[in-house]
Amino acid sequence: MEPIEQKRHLTTAVPGPRSLELTVRREAAVSSGVSSGLPAFIERGSGAILVDVDGNQLIDLGSGIAVTSVGHAHPAVTAAIAEQSARFTHTCFMVTPYEQYVAVAEALNDLTPGTHAKSTALFNSGAEAVENAIKVARLATGRSGVAVFDHAYHGRTNLTMALTAKNMPYKDRFGPFAPEIYRAPMSYPLHDGLSGPEAAARAISHLETQVGAHNLAALLIEPIQGEGGFIVPAVGFLPALAEWASEHGIVFIADEIQTGFCRTGAWFASEHEGIVPDLITTAKGIAAGMPLAAVTGRRELMNAVHAGGLGGTYGGNPVAAAAALAAIEVMRSEDLAERARALHSTIERKLSLAASELPAIAEVRGRGAMMAIELVRPGTLEPDAALAKSVVAQCAEDGVITLSCGTYGNVVRLLPPLVIEQSLLDEGLDLLVGVLRRCAS
Ligand code: PLZ
C-alpha cells in the first residue's frame, strides 16, 4: 500500500456519519464495559496519520498508548508480518520452538540495562508480563510481599488490578483482589516538594514499618508513571529505592511497558538515572502493535523457575516476534531514541510557552516523547479533570488525537509516533495550544 500523505485533513465532523453508523452496530454488539476515547472508526494508518472511515486524516499524538512508536504500517514491520504469517503463524513455543522467539529474547537481553547474564520469557500483554515478573520474584525469593506505589498502573487482570492504584475505572467492584500487595508513597515533585532522596526515605520508612523488608519479594515501579499521570519522580528517588531493594534481597522490577523502546529518549527510562533493574517488563512499543510482552532479567532469577512454570499458548507468537525484530531494527537504524529527544525539545518549547501564559497549566513534564501537562484551577494545585476532558475532546474535533491520564484525570499526555514529521508535530501542537487557549483562558 502507498504511504499516506502526512497531512491532517478533515472531510466531515469527527466522528463522521459512517463512524456514527458503526457506533450503532458497536453498541448493539460490543460490551459497554469497553469504551473508546474517540469513537471515529479507523480504516488505515501510515506514519503519524490515522484515516477514519469517513476519510478524515487525523494526527496521531497517542500511538495507541505508546505502541506504534515506529509509526503506523511501517513498511519493514508490515513486510515482516506478511512474510512470517505466510510461513507459519503458530506452533506454541511450549510444543515446538522457533528461532524468532529466541532472537527477540537475545535482543532484549542485549538492549535492557546492565551487562549481567540475562534471560527472557515472552507473553501476550503487559499485564501478563507483570504477573509473570511477580511469579518469578516470589519463587526466587521465597517471599510473598510486593511493594507498589501511589498512582501506579500495572494492568487489569486480578493480580495487576491489585497492583494498580486507581479505583475508577480499573478496580471498582471487581474485587476481591490478590493479597500481599503494599502501597508506598510515590515521589511527585509538583505536589510533595520533596527531593528524590527525601521521597525515597519516606517510601522506605513506610515499607519498613508497615511490611518489613524481609517480607518483600519485589518492589515494582514504573520509572515514569504512565496512566497515573506521567509522573517523573525527583532525581535520586529511583536509585535510592534500587539500592535499598538490593541491600534487602528484594527483586527490583522496572515496569517499562509504557516507557520502553526509545519512548523517553533512551532504549529504557531506567537508563536516565543509571538504574539496573533485576527484572524489567516490556510490551507496547516492542512490536509496533502486534501483541507481545516480555520479562527480562537476571538469569539466576529467571532460571530459578522449574521447567514448565512459565508459558502460555500464544506467548512469543511467531508473527508478533517477527514484528518485534523488525520494529527493533527500525528503532536501531533510524535512531528513534535520538528522534525522541528531538521531539522533546519541540514539545517542551511549545507547551512551556503555553504554560507561561495559561495559569491552568501547573506543569509541563516528561522525558523524550513522553510528555504531559497537568491542568489545575488557576492559583491552586486542585485538579481540573473537566478541562483535560474538554481539551482532549476538542483536539479530536480538530483532528488531533491526544490522551488524558492521571489519578485525578487532569493530565493531557502526548505519545506521538517517534517517526512523526516535524511539520505534522508542529501542526498538532499548535492546534493543541489553540484549544488550550480557548478552553483555559
Ligand atoms: N504497565 C506501565 O502502561 C498499559 C492501559 C490502557 P496491557 N497501559 C495502557 C487501559 O486502560 O487498559 C500498561 C502500562 C504499564 C502495564 C500495562 C498493562 O499492559 O498490555 O494493557 O496489559
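In listed order, ligands and their atoms are each counted from 1. We're numbering straight along the sequence, starting at 1. Note that the structure is predicted; figures quoted are calculated from it, not measured. Note that these values count all heavy atoms, side chains included, but never hydrogens, waters or copies made by symmetry.
- Here atom 1 (N) of ligand 1 lies nearest to Asp255 when heavy atoms of Leu292, Leu163, Asp255 are compared.
- Using a cut-off of 4.0 Å between Lys/Arg side-chain N and Asp/Glu carboxylate O, Arg202 and Asp192 are scored as salt-bridged.
- Residues Arg365 and Glu374 are paired through a salt bridge, judged by an N-O separation under 4.0 Å between the basic side chain and the carboxylate.
- In the model, Lys118 has a side-chain atom that pairs as donor or acceptor with a side-chain atom of Thr112 under 3.5 Å.
- Nearest non-hydrogen protein atom to atom 18 (C) of ligand 1 is Ala127 N, 3.6 Å.
- Taking all heavy atoms of Arg156, Glu227, Lys284 into account, the minimum distance to atom 11 (O) of ligand 1 is reached by Arg156.
- Between Val104 and the choices Thr296, Asn109, Leu122, Thr120, the side chain to side chain contact (heavy atoms under 4.5 Å, CB included) rule is met once, by Leu122.
- Atom numbering of ligand 1 starts at 1 in the shown order; those under 4.0 Å from a heavy atom of Glu222 are 2 (C).
- Those atoms of ligand 1 with a heavy atom of Ser125 less than 4.0 angstrom away are 20 (O), 22 (O).
- Considering backbone and side-chain atoms alike, Glu128 places every N or O at 3.5 Å or more from each N or O of ligand 1.
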Could you go step by step and tell me if Glu256 and Thr281 meet the side chain to side chain donor-acceptor pair (under 3.5 Å) rule?
CA-CA 6 Å; Glu256 292 243 20; Thr281 55; over 6 Å; no
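- In this structure, the protein non-hydrogen atom closest to atom 19 (O) of ligand 1 is Gly126 CA, 3.3 Å.
- Defined by atom type and a distance below 3.5 Å, a donor-acceptor pair is present between the side-chain atoms of Arg413 and Gln258.
- No more than 12 heavy atoms of other residues, nucleotides or ligands shown are found within 6.0 angstrom of NZ on Lys389.
- For atom 6 (C) of ligand 1, the nearest non-hydrogen atom of the protein is Ile65 CD1, 3.7 Å.
- Annotation: atom 3 (O) of ligand 1 to nearest protein heavy atom, Gln258 NE2, 2.8 Å.
- Here the shortest heavy-atom distance to atom 14 (C) of ligand 1, taken over Leu220, Val67, Thr157, Ile257, belongs to Ile257.
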